[in-house]
Asks: 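Input: one structure, supplied below.
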Amino acid sequence: MMKRMLITFFIFASFLSMAQQKDSIQNEAKMQWFKDARLGIFIHWGLYAVNGIDESWSFFNGYISHEDYLKQTEGFTAKKYDPAKWVELIKNSGAKYAVITSKHHDGFALWNTKHGDFNAVKGSAAKRDVLTPFVNELRNNDLKVGIYYSLPDWSYSDYTHFTREIKRYKISEEPKRWDKFLNYYQGQLKEISKNYNPDLFWFDGDWEHTAEEWQAPQLRQMLLDRNPNTIINSRLQGYGDYATPEQGMPITKPKSKYWELCMTMNDSWGFQKNDHNYKTTDQIIGIFADVIGNGGNLLLDIGPKADGTIPDEQINILTELGEWTSKHKEAIYGTISGIPKEHFYGPTTLSKDKKILYLFVKGNPNGEVVVRGLKNKINRIWVVGNGTKLSHKVVGKVFWSHYPGITYINVPDHILDKRMTVLALLLDKPVELYREDGAVIESN
Ligand code: GLC
């Protein structure tokens, strides 16, 4: 009896683990393009660009009344909006996907939704759907389509939260009213899913309610039923596919297998005329290298103006970034996270077979670059995007220990990139590192 129970248990357990394995293989396949993409462009475009104020938060936090916030609809003209130009700029930056705010917390939708009139077509000077042409351009240019959608809708009269001070109602007291909101927001998402079949859904604002209240598992299922390969960011109360750190670059390698840092170029998500606090292109490249070296993606934000033009500072950054990413593409796309920083004091990536190690060198290393504890033989070193071969020397290797010594690579000034140089080290086999305490005598 006991034996039979045990056998049944093991058969059951092995089925379970087979199913889990299948799941994780499927998940890996679905996440592959995202993992390889490394760079995406985030777009915050909405009413807030008119006055140049904080997206949605400006009225939620009481810096402007809701009524005055809504007056921005008259200035949202999209008069010079040229989605082909946007996509050209995005593509040239080296990004492989874009994520656009279809609707922020203020509830203003960029597409012609059948759910309500608060959208670019029926409720703004633009009088047209400004989302669809952009999505079409992305598709025509083989870029992946990400749709940002705010779960909270602070302008919708049957949503719970209005401002920081004013809550409209409690779900426990008016469950029917909440149901009405659920129908509304899920209806909009059905539309988005049907119209655009996004490669990625980027949710925001999940903190205002629990997974149960949002009906997060049902929502996830609904989106996956339409497209099993669609990817969902983490802001769905535990029902997403990857981690979403915001602004703060992870200092140590995050534990989650898939992650994406979203970051502004200045201090604002949307266009703010008054915000000139831009990061330099060099700083952005440095952050990008750190992000990919730690195995993540960078989702770099732009905020177009209300007329649809992109601010010059942002165009410049994207263009300069593009020059650098295109020169260094072999070290960026399709690579995986690099080696621990003790071995090289800077970001690194690896080819998928781990036989090419890419070192990202900032500034002028004054003639040489150091790699510590590399057990491999280096077959060849070249400068990425330039091709010059470099020589190297191993120092401090002793015959009585398997300690591999210290590798010094000669780096002449004339091969340096003005922003960040990348060196490729072709190894004899997948990278192997010495991680012990130091050379210990084994025989002499
Ligand atoms: C947020 C904010 C928001 C912004 C977003 C981008 O949490 O609510 O305004 O759009 O993050 O990541």
Side-chain angles (χ1 to χ4, degrees), residues 34 39-64 66 69 72 76 95 97-110 131 134 146-156 159-164 185 188-189 192 198 200-209 214 216 231-250 254 256 258-272 274-275 277 279 284 287-288 291 296-306 311 314:
F34 180 78
L39 182 65
I41 300 299
F42 210 175
I43 301 164
H44 275 68
W45 196 30
L47 299 181
Y48 37 88
V50 175
N51 290 5
I53 52 179
D54 280 347
E55 66 292 341
S56 313
W57 293 100
S58 48
F59 80 81
F60 189 84
N61 287 329
Y63 304 137
I64 183 174
H66 186 241
Y69 185 92
Q72 295 178 105
F76 191 78
Y97 64 107
V99 179
I100 182 168
T101 49
S102 66
K103 179 178 112 167
H104 205 264
H105 313 324
D106 60 14
F108 179 72
L110 295 188
L131 182 59
F134 177 66
I147 301 287
Y148 167 110
Y149 182 87
S150 165
L151 296 164
D153 187 325
W154 295 330
S155 298
Y156 187 72
Y159 183 66
T160 47
H161 299 52
F162 178 44
T163 65
R164 199 168 284 283
Y185 105 77
Q188 285 197 327
L189 281 167
I192 290 178
L200 188 155
F201 278 93
W202 212 101
F203 289 111
D204 197 12
D206 65 340
W207 55 81
E208 286 191 348
H209 289 285
W214 292 123
I231 295 176
I232 299 173
N233 77 331
S234 66
R235 294 187 188 165
L236 191 57
Q237 290 288 20
Y239 287 86
D241 297 306
Y242 69 86
T244 313
E246 173 170 333
Q247 299 287 26
M249 190 196 64
S256 54
Y258 307 106
W259 62 275
E260 173 199 62
L261 169 71
C262 57
M263 189 182 79
T264 52
M265 288 183 176
N266 51 4
D267 296 326
S268 318
W269 293 105
F271 171 65
Q272 299 211 13
N274 207 27
D275 183 352
N277 196 23
K279 298 168 187 74
I284 289 174
I287 295 167
F288 177 53
V291 165
N297 287 2
L298 177 65
L299 184 63
L300 183 65
D301 184 68
I302 58 171
K305 298 181 189 175
Q314 303 182 5

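Worth saying up front: this structure is predicted, and the values here are computed from it rather than measured. Note that ligands are numbered from 1 as they come in the structure, with each ligand's atoms numbered from 1 the same way.
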Asks: Could you find the nearest protein heavy atom to atom 9 (O) of ligand 1 and give me its residue, atom name and distance?
Replies: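 Ranking protein heavy atoms by distance from atom 9 (O) of ligand 1, first comes Glu55 OE2, 2.7 Å.
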
Asks: Please state which part of Arg235 comes within less than 4.0 Å of ligand 1, counting heavy atoms only: side chain, backbone, both or neither.
Replies: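 The side chain, only.
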
Asks: In this structure, is the centre-to-centre distance between the rings of Tyr48 and Trp57 below 6.0 Å?
Replies: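 Ring centres of Tyr48 and Trp57 not closer than 6.0 Å.
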
Asks: Using the rule side-chain contact (heavy atoms from CB on, under 4.5 Å), only one of Asn233, Leu299, Ile41 pairs with Val99; which is it?
Replies: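 Exactly one candidate clears the test, Leu299.
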
Asks: Could you check atom 2 (C) of ligand 1 against the protein and tell me its nearest heavy-atom contact, residue, atom and distance included?
Replies: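 For atom 2 (C) of ligand 1, the nearest protein heavy atom is Trp57 NE1, 3.5 Å.
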
Asks: Suppose I only count heavy atoms of Cys262 and a 4.0 Å limit; which atoms of ligand 1 are within that range?
Replies: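 Answer for ligand 1: 12 (O).
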
Asks: What protein heavy atom sits nearest atom 10 (O) of ligand 1, and how far off is it?
Replies: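 Going by distance alone, atom 10 (O) of ligand 1 is nearest to His44 NE2, 2.6 Å.
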
Asks: Do any heavy atoms of Trp207 fall under 4.0 Å from ligand 1?
Replies: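 Per 4.0 Å heavy-atom rule, Trp207 contacts ligand 1.
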
Asks: Could you check atom 8 (O) of ligand 1 against the protein and tell me its nearest heavy-atom contact, residue, atom and distance included?
Replies: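 That would be His105 NE2, 2.7 Å.
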
Asks: Going by heavy atoms, is Trp202 under 4.0 Å from ligand 1?
Replies: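 Under 4.0 Å: yes for Trp202.
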
Asks: Scan His104, Arg235, His44 and name whichever one has a side chain to side chain donor-acceptor pair (under 3.5 Å) with Tyr148.
Replies: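 Exactly one option meets the side chain to side chain donor-acceptor pair (under 3.5 Å) with Tyr148, and it is His104.
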
Asks: With no hydrogens and no angle check, is any side-chain donor or acceptor of Thr101 less than 3.5 Å from a backbone partner on Ile43?
Replies: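 Side chain of Thr101 to backbone of Ile43, a donor-acceptor pair under 3.5 Å: yes, one is there.
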
Asks: Kindly say whether the aromatic ring centers of Phe108 and Phe76 come within a distance under 6.0 Å.
Replies: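 Yes.
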
Asks: How close do Ala216 and Tyr239 get, heavy atom to heavy atom, and via which atoms?
Replies: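 Result for this residue pair: CB-CD1, 3.7 Å.
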
Asks: Note the single closest protein heavy atom to atom 11 (O) of ligand 1, along with its residue, its atom name and the distance in Å.
Replies: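 The answer is Glu246 OE1, 3.0 Å.
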
Asks: Please write down residue, atom name and distance for the protein heavy atom closest to atom 5 (C) of ligand 1.
Replies: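 Its nearest protein heavy-atom neighbour is Asp204 OD2, 3.2 Å.
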
Asks: How close does the nearest protein non-hydrogen atom get to atom 3 (C) of ligand 1, and which residue and atom is it?
Replies: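 For atom 3 (C) of ligand 1, the nearest protein heavy atom is His104 NE2, 3.5 Å.
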
Asks: Is the distance from the ring center of Tyr159 to that of His105 below 6.0 Å?
Replies: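 Between Tyr159 and His105, the centre distance exceeds or equals 6.0 Å.
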
Asks: What do you reckon, are the aromatic ring centroids of Tyr258 and Phe34 less than 6.0 Å apart?
Replies: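 No, ring centres 6.0 Å or more apart.
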
